[in-house]
Colleague: 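Please find one structure pasted underneath; my questions will follow.
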Amino acid sequence: MEYEMRAEYAGDASPREAGARFECWHMTRDHETTAMCGIDLDEAAATQTPDAWGTPEGQPFCHTCGALYLRQVI
Ligand SMILES: [Zn+2]
């Protein structure tokens with residue numbers, strides 16, 4: 001299983017729009033755009049490796065994704 005962190009933007013804004021406001025990070029599996037908590041994220045959203053999970057770069061992070069991710073990897 002490959003994990004990836006993907007950004008959610010406030011108000012369903014597309015990350016392509018100028019001024020799109022970053023909301024929080026979610027975790028996705030195998031390069032899907034649906035987060036582990038079930039919400040759909042934009043395919044153009046920023047991503048980063050799960051190495052950033054638990055670091056300042058990975059904050060704020062979705063609580064539901066965090067709980068599910070913890071249960072699967074630890
Ligand atoms: Zn989430």
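In listed order, ligands and their atoms are each counted from 1. No hydrogens, no waters, no symmetry mates; every other heavy atom, side chains included, goes into these values.
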Colleague: Would Cys24 count as a contact for the Zn ion (ligand 1), in the sense that one of its N, O or S atoms lies under 2.8 Å from it?
Modeller: no

Colleague: Can an N, O or S atom be found in His63 less than 2.8 Å away from the Zn ion (ligand 1)?
Modeller: no

Colleague: Taking all atoms of both residues into account, what is the closest heavy-atom pair of Tyr9 and Ala20, and its distance?
Modeller: CD2-CB, 4.0 Å

Colleague: Are a donor atom and an acceptor atom from the side chains of Thr34 and Glu32 found within less than 3.5 Å of each other?
Modeller: no

Colleague: Can you tell me the N, O or S atom of His26 that's nearest the Zn ion (ligand 1)?
Modeller: ND1

Colleague: Looking at Thr28 and Thr33, would you say the former's side chain and the latter's main chain have a donor-acceptor pair under 3.5 Å?
Modeller: no

Colleague: Could you tell me whether the side chain of Arg29 and the main chain of Ala35 form a donor-acceptor pair under 3.5 Å?
Modeller: no

Colleague: To the nearest 10 degrees, could you say what angle the Zn ion (ligand 1) makes with SG of Cys37 and SG of Cys62?
Modeller: 110°

